[in-house]
Every structure is written in structure tokens, then in C-alpha cells.
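Per chain, numbering begins at 1; letters A, B, ... match sequence-line order. The structure presented is a predicted model; accordingly, all values stated were derived computationally and were not measured. Excluded from the calculations below are hydrogen atoms, water molecules and symmetry mates; all remaining heavy atoms, backbone and side chain alike, are included.
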There are 2 protein chains.
Amino acid sequence: MSAEKVTRMSADDRRELILAAATRAFAQGGYHGTSTDAVAKEAGVSQPYVVRMFGTKLDLFLEVFEHAVHRIKAAFEEVLDAGPFDPESEDDKARMGLAYTELLRDQDFLQVMMHGFSSGGVPEIGAAARRCMGEVFATIQRTGWSDEQARDFVAYGMLLNVMLSLRAPENLKPGDPLTVLAVCAFGEDLEVLQSLA
Amino acid sequence: MSAEKVTRMSADDRRELILAAATRAFAQGGYHGTSTDAVAKEAGVSQPYVVRMFGTKLDLFLEVFEHAVHRIKAAFEEVLDAGPFDPESEDDKARMGLAYTELLRDQDFLQVMMHGFSSGGVPEIGAAARRCMGEVFATIQRTGWSDEQARDFVAYGMLLNVMLSLRAPENLKPGDPLTVLAVCAFGEDLEVLQSLA
DNA sequence: TTGACATGTTATCAGTCGATTACTTACTGT
DNA sequence: ACAGTAAGTAATCGACTGATAACATGTCAA
């Protein structure tokens, strides 16, 4: 019999804890592929507690999704708010790229975003995803880039997201065409990603 | 009592029919979000029949996924096999782009591919997805483009896939930043997509 | 015609999932 | 000290899911 002191947490703190756990869980399996019980296990609480705290699984996912996108948007805003941004400068463009690749270390946010995007079949998720994608694009437009430049920047981000979803960095085989793509897409960040796995 | 003549189909034909139905069904909900019963309903057969014909739901999805990717690869190969391809030619580049945008009419294939990519959490799907992505990239490399050009081409495709998953074309609101992105990503194909919906 | 095989279906099952209810226990102000 | 509230859990439910088994019927060669 372990006589551990069972101490409690404020609901707000517990909420943050579950939100973080849910982010990890949903990052793995997406909306449909993750049970509320899996989230509960990850958070170390009971399944009914998760449901009651967030209402429904859908509400929980939406909150996780929006939080993830907000985090990503914030990374760009940080660059844009740091000082004047020259749309012609290759250097400034690199700073925006860096903001994104730094997010690769928090893979979970990017994966959750990706899962939200591909769960557009659920009406509420689709609506949230469209709104969030719009917000991210609007943020990127603040660079002053042309629509085409902004579009290509987003496209490049989507490629990285897909490569992460594929678990490409941890599964590269020499000589594989996918390896060429991964090297060329992730660049020097590839080694960092592999060391994380 | 309707006295319809119940006629039968060869297993091969029925298989094709179910495969097509499964493509439509999985395109909507992805692997986790689509039940074998939904596939059966779409195909107009009983649920056990679907399962027995393909073994498991996973086997069925893998077959649908590989078929979709093969179809997409075939679209590129058609351009490449049509005659000499000049990697410097803007015209030839446009032909490759056109091959992809023509696939937008068969949205289901692209959506299934996307769902496969984002279900990398299921080991067998992840493995298939990496192999297929590698094959597609290898096909694109046949253009003679630099790795970076090929990468950017794939990235652009991923953006279009994501925009489709978001149901963006059918949900555009004037003044929305997402509309700008959609117009700039789909170009003149946008109207075609909207008329399909 | 008939029997054997191929093409299906109905019935059913065990497991999983999201959600609800009722209960327990730690904390907090007075 | 103690009553009330907040933080959690155990038990359970109905719906759904993938899969299996048993059964029915159309098709075709001899």
C-alpha cells in the first residue's frame, strides 16, 4: 500500500495539462483516429473527466486545433513585429522560413494543423480550418510579398507538413527518391529531426 | 412486391465497382473516418461482402490509396511519354501543371492520396505513403528538373490538395484572405471546381 | 436437369467509443 | 471544526464498428 499524498490541481491548470496531452495524442492519430480515452491516458486522468471538461470530443479537437494554428501564426507575427520587413530582401524571407522550420521541433503543432486541414469532411472542422488557413495567409501577406510569393511560401509549408505526416525523416533509405526530396525540402534541419526521433 | 430480375456480376467487375465506391467514400472521411458499411452503402452491397472481398478495412484502404496514387502518377507519365521534354521550357512545365489540374476534376483521387499521407500514424499506411510519394517524386524527376524545381512542383500540388481538403472552392466568401489564396492557387480552374460542387 | 461452384445476404458477435450519472474526496472560507 | 464547493473517479449505457459464420441463390458445364 503506497500512502502517496493525492494532491489536486486547479481546473485551469488541469485544463492546460489536458490540452497539451490532447495535442500530442491528436498529432498522432488525428480527429477520427484518436479516442478521448487515449487523450485521458496521455494526460493521466480519467476519460469522463476529459469529456466533461471540454463538452465533446469535437469541442476538444477544435480547441487543440485553434491553439496549434495560433501558435504557428504567432511564430510569423514575431518576425513581422520584430522590426521593418522588406519584401524584396532575401534575408527577411529567410527569417520567415526560419520561423517555420523552428516549429519543426514542436512537430505536434504542425501535425495537429495538418490533421485539422484533412478533416474538412467534418463540417465544424472544415469551417475552422478554412478560417485558420485564411488567418495564416493574411499574416503572411503582412510581409508585403506578392500573392504568388505568399502562395508559394504556404505551399512549401504544406510540403513540409506532409513530409512530417509521412514520418519521412525517421524512415529514410539511402538511394530512395523520397530521401532526395526530404534532403532538398528540410535541408540542414533534417538531422535535427532525425535526432528527435 | 417488385419482381425485379436479380442478376449477378462477375467478382472482378464487382471488385472494380466496390473499389470505385470505396474511393468516393474514403475521399470524404479518410481511413479512420469511413466505415466499411459506408463503403458498402455507396457500392450498393452488403457490408460483410466488402470485408470478405478485401480481407480487412486496412487492405481495402491500401488498395484504394495505391490505385489513386497510380492514377496520379499515370497523368504525369502521359505527359513525359508523349514526346521529348525540355526541362528549360516554360511550355513543358505548363503541360505538367495542366496534367495535375486536370486531376482536380477527379477530386476523389487527390483526396484519397491526401488522406493516405495524413494517416501515416498507421504503420502500414505510412509505409505505403512514403513509397508512393517517392514514386511520384521519381516520376517528376524524369522531367530533368533540378531537385529544387521538382520539390517546388510537389509543394504546389500539396497546397492544392490541402485547399481541396478544406473544401475551399465551395466556401469562398468575398474579401476573405482564403479567397485570395484560392484564386491565386487554382487560377482559372477555380470556376470549374465551383461548378462541380 | 442437375450438381457444383461462385455470388451474394442475413444474423450475430465481441470490442470500442463517446457520453451520462452517481459517487468520492480533497480543499477553502468562516 | 465543519459545511460547502471544487476536483476528480467508477460504473455503466447505447450506438457503432469490423469481422465471422451460416445460409441463400444465381450461373454454368456435363
Residues that A/R95 engages under salt bridge (Lys or Arg N to Asp or Glu O under 4.0 Å), provided they are two or more places apart: A/D92
Apply salt bridge (Lys or Arg N to Asp or Glu O under 4.0 Å) to A/E42 and list each qualifying residue two or more places apart in sequence or on a separate chain. A/R24
Expressed as a whole number of angstroms, how long is the span from A/F61:CZ to C/dC17:C1'? 17 Å
Ring pair (Phe, Tyr, Trp, His ring centres under 6.0 Å): pairs with one or both residues in residues 31-60 of chain B, sequence neighbours excluded: B/Y31-B/F61
Sort and list the pairs that fulfil salt bridge (Lys or Arg N to Asp or Glu O under 4.0 Å) and have at least one residue in residues 101-117 of chain B, not counting sequence neighbours. B/R71-B/D106
Using a strict heavy-atom distance below 4.0 Å, which residues from residues 19-31 of chain A are in contact with DNA chain D? none
Residues in salt bridge (Lys or Arg N to Asp or Glu O under 4.0 Å) contact with B/D81, at least two apart in sequence or another chain: B/R142
What is the distance, rounded to the nearest whole Å, between atom CE of A/M53 and atom C1' of D/dT9? 14 Å
side-chain hydrogen bond (donor to acceptor under 3.5 Å, both in side chains) partners of residues 171-197 of chain B, not counting sequence neighbours, each pair once: none
Rounded to whole Å, please give me the gap between NE2 in A/H32 and P in D/dG18. 12 Å
Each nucleotide of nucleotides 1-15 of chain C classed B (base within 4.0 Å of a protein heavy atom), S (only sugar-phosphate) or -, in 5' to 3' order, makes -----BBBBBB----
Would you say the side-chain atoms of B/R130 pair up with the backbone N or O of A/L166, donor to acceptor, closer than 3.5 Å? yes
Using atom NZ of A/K57 as one end and atom P of C/dT16 as the other, report the distance to the nearest whole Å. 15 Å
Side-chain N or O of A/T36 versus OP1/OP2 of C/dC17: is the shortest distance under 4.0 Å? no
Interatomic distance where CG belongs to A/D13 and P belongs to D/dA6 [whole Å]: 16 Å
Residues clustered with A/M9, ILVMFWY side-chain links under 4.5 angstrom: A/L17
Would you kindly give the CG-to-P distance between A/L60 and C/dC17, to the nearest whole Å? 15 Å
